[in-house]
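Taking it in order: structure first as structure tokens, then the write-up.
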There are 2 protein chains.
Amino acid sequence: MSETERKRRVRRLPREVRERQIADAAVEVFSRHGYHTASMDEIAEVAGVSKPMVYAYLGSKEELFAACIRREAQRLLKAIADGVRNDVEPDMQLWTGLRSFFHFVGSNRSSWMVLHRQALAVGGEFAEEVSQMRSRSIELVAALVVASGTRKGIGEQAEKSGEALAAALVGAAESLADWWLDHPGVPADVLASWLMNLVWLGFGDLVAGEVWSPKDLTPPA
Amino acid sequence: MSETERKRRVRRLPREVRERQIADAAVEVFSRHGYHTASMDEIAEVAGVSKPMVYAYLGSKEELFAACIRREAQRLLKAIADGVRNDVEPDMQLWTGLRSFFHFVGSNRSSWMVLHRQALAVGGEFAEEVSQMRSRSIELVAALVVASGTRKGIGEQAEKSGEALAAALVGAAESLADWWLDHPGVPADVLASWLMNLVWLGFGDLVAGEVWSPKDLTPPA
DNA sequence: GGGATAACCTACTCACGAGTAGATTGGCGG
DNA sequence: CCGCCAATCTACTCGTGAGTAGGTTATCCC
């Protein structure tokens, strides 16, 4: 390596910059290997610094992971908040939200994998953080659902099940995002439309009082 | 400890029995702590044997985990297969399937947590195993959806999106199962009904040619 | 230019947990 | 009743990776 290269590589950067580099590296490595399998050495290497720097700036492995979770969760929430229109009908609100969500996942795969796959599995405080974000989303969705029909058809049942259905919808979106990772080539908007078609008509018919119910089973011949 | 107690505790059991005890313990411990955090020592302790027994009977930690995954996946699939009625209409097939699924989760929480939360996060062969089970479920659901309407309304769009929607539904079921863990007191049948109401009417309207589509957005004031 | 200080590194310690060697003993077939 | 073997244990090794001690040097500012 030439002297110039050496000097360029060794150039010292302000803490602020390094912290971002390290956090970026951490998100990538955590998303690749998962919390436990990821090593601080690899994170340091990917970030282009040595291990003590990581500890000096971001603290222990747990703290580093927590920082990643927090940062990525914030970014996701902001992306959705920026994309959602709250001056429109509930269905449009939901659609704009889903749209933003899929766009975010599409252009931030590592972030999504860390949030969805890793944080939940690790448990403890981390899962808490993510759970809260998830809960906020669910409540939001639940509010939309209730607002859309003001329970005009089904009353008590809808109230009880509202949160559960919201959870199901959020899960469906997450699952669809995962499916997307293995089947790229579909635009985010199309994904969002599919999901809207799947669930909104379901929600719509629900509030209109139309319900599916199991028929009696006759024993097989 | 008295001599009798000592003898009872120390009584030797045939390999077959010990293997089951160890596997049971492993599922419980893995579900509590996750793959990496779980220690072979704790598994041995919970199983009531010493560590070398675990290695002698079930092999390495990886092998043990794989065995757990396989066993629990089989149990889950069998439970669903036993519960599903394939001599009835597609909607009833789906309902009976969901019903069995929720019943299984309700009475086998540890199994479910290992399969859903841990196996995916660990990655590698394990995730493969679970992914395959998941894929089989998704294909099955997709078949139901297609069969139910024979694409009578939307054609190509439905074909492309069928698998994605099935993935979404499976995800919704999984997510609802997770929600259930935090909100017990709802019977499994009710959960299944909620989900049917949510998605089936969506599917139904889809195949009937009814679609939701975003309206044009006018900029806010 | 020359301290001061923050950026940065090499090279360690140390705990924890996977995996094992080798001794011990209950219980069954003869 | 006895020998044999499978069942079982205690007590280790050893690799790996988190976390750190202590020194070095670039860069800023006067």
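Residue numbers begin at 1 in each chain, while the letters A, B, ... track the order of the sequences. Small disclaimer: the values here were computed from a predicted structure and weren't measured.
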Atom pair distance, as rounded to whole Å: [atom1] in [X] and [atom2] in [N]:
| X | N | atom1 | atom2 | result |
| --- | --- | --- | --- | --- |
| B:Glu16 | D:dA6 | CD | P | 16 Å |
| B:Asp41 | C:dA15 | CG | P | 17 Å |
| B:Arg12 | C:dT24 | CZ | P | 13 Å |
| B:Glu45 | C:dA18 | CD | P | 14 Å |
| A:Ile43 | D:dA18 | CD1 | C1' | 11 Å |
| A:Glu42 | D:dA18 | CD | P | 10 Å |

(Q) Tell me if the CZ atom of A:Arg20 is crowded by more than 12 foreign heavy atoms within 6.0 Å. (A)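 Open: at most 12 neighbouring heavy atoms sit under 6.0 Å from CZ of A:Arg20.
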
Q) In terms of side-chain heavy atoms of B:Lys51, which of D:dG19, C:dT20, D:dA21 is nearest? A)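 My answer, after comparing the listed nucleotides, is C:dT20.
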
Q) Are the aromatic ring centres of B:Phe101 and B:Trp112 under 6.0 angstrom apart? A)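 Centroid separation for B:Phe101 and B:Trp112: below 6.0 Å.
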
Atom pairs and distances, side-chain donor-acceptor, residues 114-121 of chain A, under 3.5 Å, sequence neighbours left out:
{"from": "A:His116", "atom 1": "NE2", "to": "A:Asp178", "atom 2": "OD2", "distance (Å)": "3.3"}

Q) Listed by chain and number, what are the ring pair (Phe, Tyr, Trp, His ring centres under 6.0 Å) partners of A:Phe65, not counting sequence neighbours? A)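 If we apply the ring pair (Phe, Tyr, Trp, His ring centres under 6.0 Å) test to A:Phe65, skipping adjacent residues, the hits are A:Phe30, A:Tyr35, A:Phe126.
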
Q: Considering just the side-chain nitrogens and oxygens of B:Arg18, establish if one lies under 4.0 Å of OP1 or OP2 belonging to D:dA7.
A: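 No, outside the criterion.
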
**Q.** With A:Asp182 via salt bridge (Lys or Arg N to Asp or Glu O under 4.0 Å) - residues at least two apart
**A.**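 Expected list: none.
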
Q: Could you pull out all residues at least two apart from B:Arg136 that satisfy salt bridge (Lys or Arg N to Asp or Glu O under 4.0 Å)?
A: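 B:Arg136 satisfies salt bridge (Lys or Arg N to Asp or Glu O under 4.0 Å) with no other residue.
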
Q. Which parts of residues 20-39 of chain B get close to DNA chain D, meaning a heavy atom less than 4.0 angstrom away?
A.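 DNA chain D contact set from residues 20-39 of chain B: none.
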
**Q.** Neighbours of DNA chain C within residues 53-64 of chain A, by heavy-atom distance under 4.0 Å
**A.**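 Within residues 53-64 of chain A, the residues near DNA chain C are A:Met53, A:Tyr57.
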
Q) Does the side chain of B:Ser50 reach to within under 4.5 Å of the side chain of B:Met53, using non-hydrogen atoms? A)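 Yes, close enough: below the 4.5 Å cut-off.
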
Q) Just wondering, do A:Leu58 and A:Glu63 contact through their side chains at under 4.5 Å, heavy atoms? A)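 A side-chain contact is absent here, since even the closest heavy-atom pair is not under 4.5 Å.
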
Q | Between B:Gln21 and B:Arg18, a side-chain donor and acceptor under 3.5 Å | A |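 Yes, because at least one side-chain N or O of B:Gln21 sits under 3.5 Å from a partner of the opposite role on B:Arg18.
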
